[in-house]
Peer 1: 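Just dropping this structure here.
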Amino acid sequence: MKHSSKLQYTVLVASIVAAFPGIALAQNADDKTPQRVVVTGSNLKRVDSETASPVQVLSRQEIEQSGAQTVAQILDNLTSNDRGAISDLGGTNSWASGATGVSLRNLGTGATLVLLNGRRLSSYGFADGLQANFVNIDSIPSDVIERVEILKDGASAVYGSDAVAGVVNIITRKNFRGVGVKASAQQSLKHAFLDHERKASIVGGAGDFDADGYNAFAHLEVYSRGKFTDRQARPLLPDWFIRMNPDRDAMSTGSVPGNYVGRYPANYRDPALAGKSINVAAPGCAPENLKGGLCFYDYWQDSLARAPAERATFLGSGRLKLSGEMTAYGELQLAKTRNNYNTAPPRSNVNGVPLSWYDSISGKMQYFTDPQLPVGHPKNPYDFPIGLNYRFADDRDMFKNVGSSEQFRAMAGLQGAGLGWEWDGAIGHMGSKARQQQHLYRDRYAYYDAIVSGAYKFGQTNDRALLEKMFPEMGSHGEYRQTFVDFKANRELYMLPGGPLQVATGVDLRRESFEHMSSDNVLAARIVQFSGVKIDGSRTVAAAFAELAAPFTNQLEGSFAVRGDKVIGQAGAVVPKVGLRYKANDMLMVRGTASKGFRAPSLPETGNGGASWFNNGYTDPKRCAAATELRNILNTGNAADKNMALTAYALGCSVSFPSAVTPNPDLKPEYTNSFTAGLVIQPMRAFSFTIDYYNIKRRDEIAVKSIDQTLANEDRLGGLVQRDPLTAHDLDIARRAAELSGKTVAYPIGPIRTIAAQYENYGKSRVSGLDLDAKGRWNLGDSGTLNVGLELNHQFEYQQWDSFANAYTVNYVGYRGVPRTRAVAKMSWELGSLVAGLRANYTNGTKLAWGDLDSTSSIEGCASRGVSKDECRIASDTTVDLWTRYAFRPGTTVSANVFNLFDRKDPVKLYPGGSLPLRARTVMLTVEHKF
């Protein structure tokens, strides 16, 4: 009964909301003729849109009131969206650079199916985490959306693979005449560079489908997001964030003209200098950059805190009535996106520690050590080789990571009726190309030669051609393609006591291919510390399904579905779904579903080749305690020691190392068991609410063992974690700490070299919770119309499988990133040409740690960092948005949104890293006109 108090809380909220309509002045008595519609999650048309499955519908008006500029922002407003999916805002270090996905129920992008007008979209040209094919929702125009339907239970029996956590069906306009234009601009009220976004769209259409027998329209939308640097953001960062991230005030000793680093030889002719360390600024350092005898560089001035984005999306659609009951239709979707992620110019690495990376193509570790300046080098004033800590800032704008993509989907189809059947069939082709290109990492040969030979002139501005050789363009390209044909039909078979028995059946056939390939210089292991990927695969998938809707009585209806999918030459799956709904009276309906779902192994998981990557920012359990102590000692020294303290800490508590993974052609599909049960209550005509329980269990999950689990169980893994011996840098840090403290403090073990793995069917996960959705609409007579709504998600359980303990992990609900409750309360008022509304967004508090393996933010970890027990958590968060719209004359409307109306700051999060807390009051203005 550990959830009983939370359940009581949720039911209490529902009861309060249900009681609210009692104060309404009048009910809306508008009557509409019922129409048969297709609801997401079924292939059958029905009069009553309340099905056995829970479906949330976001209308066009609700989307506009939310102020969402993009599809990503629309879906971020869903309480069932865990917001843990990949985002283009964080694409710098992502294998799927420049894209945004959606994840429902904490089950990942691969478990949420995204549809456009009921059919699949192209997957992105790159795979999320080199594993999951997913839809880049940034490629979908938002202004043309009529509504969004979110199915909140499994639907593999209807839609096939990937629909295990839910389905997002984006439905666009179908019948547009005339020309419409729309433009919007958004920015922070205090600092114009924050939240700077612009969007414009134009739509044009001809014909009325019902009157003229045809309609065709085209919609073009462009969007841009502004940028700002980390240095611009620094004055806005609160003290608590700097306390957790002191490096935000740090400058780098990799500078211009640099700092000499090394040691006098042990047998140096001057015994007073023999063996002594060297750490001194090179001549010519600007006075403002000199501190404690060292030359510093502000690398935060170059890196972007917010990456700019540019997108152009197009959707064209046409329908034409043919003879009889037949209609031809077609649809074309196009998109082009680009994201720039500027980074600080590269620096030399002359501490003597070899840089390592894993070459997954040859299966070997690679090493590179930065060269010292040889004797006689024009920049070497010593009579022995010396290192120069240097920043290659000749062309600062050169160093950026550009993620770009093009996507398309073209399809044509026929639908009609005959012999008692309604049918629909289509054929189409879709695809996505993605590219990731950057200048940042060094070519192991050209870089070495330019430094040693003196071709690179330190302290001067060198030719771009030389820089291109030293830091060549590198990256990767990817491409996904799919050709499909589908056909489905439905009819009424015969009458049951509650109405007609309906059946739907259909088939589809898909041919998919995927390729993700690093550039040639990466695959040749020329690019230092950058791992490569070379994956390709293709498959043909055939599927057939059947669905029944059986109204056994006027009150009880059953729905049944089964689908079989087969990857030709590989694994297949057959999954059923059963739903029941019982309408006790006009005020109460009880519903529930039970289903099995599956996710077929993706092409990156089963294809050819392999991949390796670099992990950043992990805690090394064997070195972090020593690293923390070394940092504390070094912070008592001079400026050079304090700069070394940051490095000493990072070498144990924020480590970087390569990993490798290979596909596995013998993988089985992932399977899920899904269950929902709920109530639909309508105490009066003007108001209704639903409450639904969900429970999803996933098994045979395809994964590699997590980095944190692997490191926490290193001694049990028999060499999976490979380590190097203690480095010269490790020893230098320990030696300097001993000089300052007189104590012997050292890293107990060498740094991580690499971790290797292969995809396996070994994981499990389970989630459960409650969804509440309440809506009310009242006619207030001369005072207008009032709308209210409440959406709430309350999570009970989110657990993953610990393969080392052979048991489920702790329940992650209540830990950082997995709040127990999210809620959105909405209210709007309409009076003639004026509409105004408020929207409140609530997230409850969590622990500071992301899980039990997060030793940095556990109660003990907080104490070791000087964070009290009371501070070792994240407080609940509530923001309020304001929206208003006014129609000046027919066809012209102006609207305004004020986000974060009361200027609430980000919750305090006392752990290192994390997103920048820059939330502020923001305004958006929109003008729309239809000719």
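All values below were derived from every heavy atom in this structure, side-chain atoms included, with hydrogens, water molecules and symmetry-related copies excluded.
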Peer 1: Could you tell me which residues satisfy side chain to side chain contact (heavy atoms under 4.5 Å, CB included) with Tyr911, sequence neighbours excluded, listed by chain and number?
Peer 2: Arg816, Leu848, Ser857, Arg865, Lys909
Peer 1: Who passes ring pair (Phe, Tyr, Trp, His ring centres under 6.0 Å) against Tyr815, sequence neighbours left out?
Peer 2: none
Peer 1: Would you mind checking if Asp370 and Arg347 are paired as a salt bridge, meaning a charged N to carboxylate O distance below 4.0 Å?
Peer 2: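 Between Asp370 and Arg347 there is no salt bridge, as every charged N stays at least 4.0 Å from the carboxylate O atoms.
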Peer 1: Can you name the nearest heavy-atom pair linking Pro604 to Tyr759, along with the distance?
Peer 2: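 Shortest heavy-atom contact: O-CE1, 4.1 Å.
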Peer 1: Atom CZ of residue position Phe408 - does it have more than 12 heavy atoms of other residues, nucleotides or ligands inside 6.0 Å?
Peer 2: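 More than 12 heavy atoms, drawn from other residues, nucleotides or ligands, come within 6.0 Å of this atom.
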Peer 1: Using the side chain to side chain contact (heavy atoms under 4.5 Å, CB included) rule, pick out the option among Leu523, Ile535, Val522 that qualifies with Met517.
Peer 2: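 Single pass found, and it is Leu523.
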Peer 1: For Asp153, which residues count as a side-chain hydrogen bond (donor to acceptor under 3.5 Å, both in side chains) partner, sequence neighbours excluded?
Peer 2: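 Once residues adjacent in sequence are excluded, the partners of Asp153 under the side-chain hydrogen bond (donor to acceptor under 3.5 Å, both in side chains) criterion are Ser53, Lys577, Thr593.
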Peer 1: By side-chain hydrogen bond (donor to acceptor under 3.5 Å, both in side chains), which residues pair with Glu605, not counting sequence neighbours?
Peer 2: Gln131, Arg599, Ser602
Peer 1: I'd like to know whether the aromatic ring centres of Phe368 and Tyr441 sit less than 6.0 Å apart in this structure.
Peer 2: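 No, the ring centres sit 6.0 Å or more apart.
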Peer 1: One pair to check against side-chain hydrogen bond (donor to acceptor under 3.5 Å, both in side chains): Ser765 and Arg698. What are the steps and the verdict?
Peer 2: CA-CA 5 Å; Ser765 54; Arg698 180 167 58 181; 3.2 Å; yes
Peer 1: Arg120 vs Gln482, test: side-chain hydrogen bond (donor to acceptor under 3.5 Å, both in side chains). Steps then yes/no.
Peer 2: CA-CA 10 Å; Arg120 289 175 180 256; Gln482 182 187 131; over 6 Å; no
Peer 1: According to ring pair (Phe, Tyr, Trp, His ring centres under 6.0 Å), who are the partners of Tyr812, at least two apart in sequence or on a separate chain?
Peer 2: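 Counting only residues at least two positions away or on another chain, Tyr812 forms a ring pair (Phe, Tyr, Trp, His ring centres under 6.0 Å) with Tyr798.
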Peer 1: Indicate the atoms forming the closest heavy-atom contact of Tyr671 with Ala573, along with that distance.
Peer 2: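 In terms of heavy atoms, the two residues are closest at OH-CB, 3.6 Å.
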Peer 1: Taking ring pair (Phe, Tyr, Trp, His ring centres under 6.0 Å) as the test, write out the residues that go with Tyr694, two or more places apart.
Peer 2: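 Partners of Tyr694 under the ring pair (Phe, Tyr, Trp, His ring centres under 6.0 Å) test: none.
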Peer 1: Between the main-chain N or O of Ala648 and the side-chain N or O of Tyr747, is there a donor-acceptor pair closer than 3.5 Å?
Peer 2: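 Answer holds: yes.
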Peer 1: Taking atom types as modelled, find out whether Asp138 and Thr100 have a side-chain donor-acceptor pair closer than 3.5 angstrom.
Peer 2: yes
Peer 1: With salt bridge (Lys or Arg N to Asp or Glu O under 4.0 Å) as the criterion, how do Lys469 and Asp449 come out once you've worked through the C-alpha distance, each side chain's angles and the decisive distance to 0.1 Å?
Peer 2: CA-CA 10 Å; Lys469 291 181 179 178; Asp449 291 343; over 6 Å; no
Peer 1: Run the side chain to side chain contact (heavy atoms under 4.5 Å, CB included) test against Asp508 and tell me which residues pass, sequence neighbours left out.
Peer 2: Asp486, Arg510, Ala543, Arg563
Peer 1: What is the distance from atom CE of Met430 to atom OG1 of Thr483, rounded to the nearest 0.5 Å?
Peer 2: 8.5 Å
Peer 1: Identify, with sequence neighbours excluded, every residue that meets ring pair (Phe, Tyr, Trp, His ring centres under 6.0 Å) alongside Tyr808.
Peer 2: Trp801
Peer 1: Mind jotting down which residue pairs meet the salt bridge (Lys or Arg N to Asp or Glu O under 4.0 Å) criterion with at least one end in residues 100-110? Sequence neighbours excluded, please.
Peer 2: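 As it turns out, the salt bridge (Lys or Arg N to Asp or Glu O under 4.0 Å) pairs with a partner in residues 100-110, which skip direct neighbours, are Arg105-Asp771.
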Peer 1: Would you please name every residue forming a side chain to side chain contact (heavy atoms under 4.5 Å, CB included) with Ser855, sequence neighbours left out?
Peer 2: Thr619
Peer 1: Can you list every salt bridge (Lys or Arg N to Asp or Glu O under 4.0 Å) pair that touches residues 511-522, not counting sequence neighbours?
Peer 2: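 Salt bridge (Lys or Arg N to Asp or Glu O under 4.0 Å) check on residues 511-522 returns Glu512-Arg539.
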Peer 1: Could you tell me which residues satisfy side-chain hydrogen bond (donor to acceptor under 3.5 Å, both in side chains) with Asp359, sequence neighbours excluded, listed by chain and number?
Peer 2: Ser362
